[in-house]
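Just so you know, ligand 1 is whichever comes first in the structure, and atom 1 is the first atom listed for that ligand.
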Amino acid sequence: MPAGTDPLRVLHISDLHLTPGRHRLMAFVRSLAGLEPDLVVNTGDSIASPEAIGCLLESFGPLLDRPGVFVYGSNDLYSPKPRNPARYLWRTSSGENETRSPDLPTEKLGEELAAAGWLDLNNKRGQLTVGGRDIAFAGVHDPHAGRDRYDLVAGQADQTASLRVGVVHSPEPYVLDHFTADGYELLLAGHTHGGQLCVPGYGALTTNCGIDRARVRGLSMHPQVARDDGKTAWLHVSAGLGTSPWAPARFACRPEATLLTLVPRSAP
Ligand SMILES: [Fe+2]
C-alpha cells in the first residue's frame with residue numbers, strides 16, 4: 001500500500017468445490033467473517049453441483065456484506081466426473097472438458113454473487129473503494145478452460161488507485177506476465193490445490209498448470225527473473241479449501257483460506 005495508508009486485510013478464498021452436505025467446510029468458511037477482512041477475493045472453483053449455489057451463499061454469509069471480487073474456475077462450468085485421484089499426478093486436466101458443454105449454472109452463480117455486491121472480474125476490469133482506498137482490479141475467466149480474454153482487460157492499470165490487483169483462477173505464467181506488464185502489483189490465483197498429493201520433505205509433484213512447483217502455493221514474486229522495465233508483482237496462490245468430490249484426498253497438503261495483510265511501503 002502507499003506510504004501513509006492503513007494496512008489492508010485481504011481474505012483469499014479458492015477452490016471450495018462445494019457440494020451440499022459439506023457442513024464442516026461450510027461452517028469453517030462462515031467462521032472466516034470473524035477475521036473481519038477489508039476485502040474478500042474468491043479465485044474460483046466454488047461449486048461442484050447445481051445445488052451448491054445456495055450452500056455457497058450460506059457459507060459466505062456475512063462475508064458477502066464486505067467488499068468482494070470473484071472469478072470462475074473451470075469447475076464452475078463443468079460438473080465433476082469420476083476419475084482416478086492419482087491421475088492428477090501424471091497429466092494436466094487442461095482440455096479435459098473440450099468435448100463437453102458446460103452443465104453447471106455458472107451464470108446464476110455469478111448473478112447471485114454480483115447481487116450480493118461482489119465484483120465480477122471474468123474478463124472484466126473494475127474498481128472498489130475499501131475504507132476510503134480506491135483499488136483497481138482486472139481479472140480473466142479461467143485460462144485452464146481456455147476462457148481467458150486478456151485483450152478485453154488489457155491496458156495500463158489505474159495509477160491513481162491506491163492498489164492494483166489482478167485476479168485469475170489458474171496461475172498461468174502468460175496471464176501473470178500480462179498483469180505485471182500492465183502494472184498490477186498483487187496477483188491472486190488458486191487452482192493448484194497446492195499440489196493436492198504432496199511428498200513430505202519434497203512438496204508438490206505437480207501444479208496442474210504452467211507455474212513451477214516452487215510457487216504451487218503461497219507468496220512469491222512474479223516474475224522470478226527481473227523484467228527489463230523493472231516491473232514486478234506479489235503473487236499469492238491459494239492451495240484452496242476443497243477437492244473434486246471424486247478425488248477427495250489431500251496428502252501433506254492442508255487446505256487453506258488465507259488472510260493477507262498489505263502494509264504501507266516505508267516512506268522513501
Ligand atoms: Fe480446483
Would you say that Ser238 contacts Asp15 through its side chain, given a criterion of any heavy-atom pair below 4.5 Å between the two side chains?
no
Just grab all the salt bridge (charged side-chain N to carboxylate O under 4.0 Å, His left out) pairs involving residues 189-217, residues at least two apart or on different chains.
Asp212-Arg215, Arg217-Glu256
For Phe179 and Tyr184, take the angle between the two ring planes, folded into 0 to 90°, and tell me which bin it lands in: parallel under 30, tilted 30 to 60, perpendicular over 60.
perpendicular
Members sharing Val10's hydrophobic cluster (side chains within less than 4.5 Å):
Met1, Leu8, Leu39, Val41, Val69, Val71, Leu119, Leu121, Leu128, Val130, Ile135, Phe137, Leu163, Val165, Val167, Leu186, Leu188, Leu219, Met221, Trp234, Leu260, Leu262
Leaving waters out, which protein N, O or S atoms fall under 2.8 Å from the Fe ion (ligand 1)?
Asp15 OD2, His17 NE2, Asp45 OD2, His193 NE2
Residues which pass side-chain hydrogen bond (donor to acceptor under 3.5 Å, both in side chains) with Ser49, listed by chain and number, not counting sequence neighbours
Glu51
Side chain of Asp182, backbone of Gly155: donor and acceptor closer than 3.5 Å?
yes
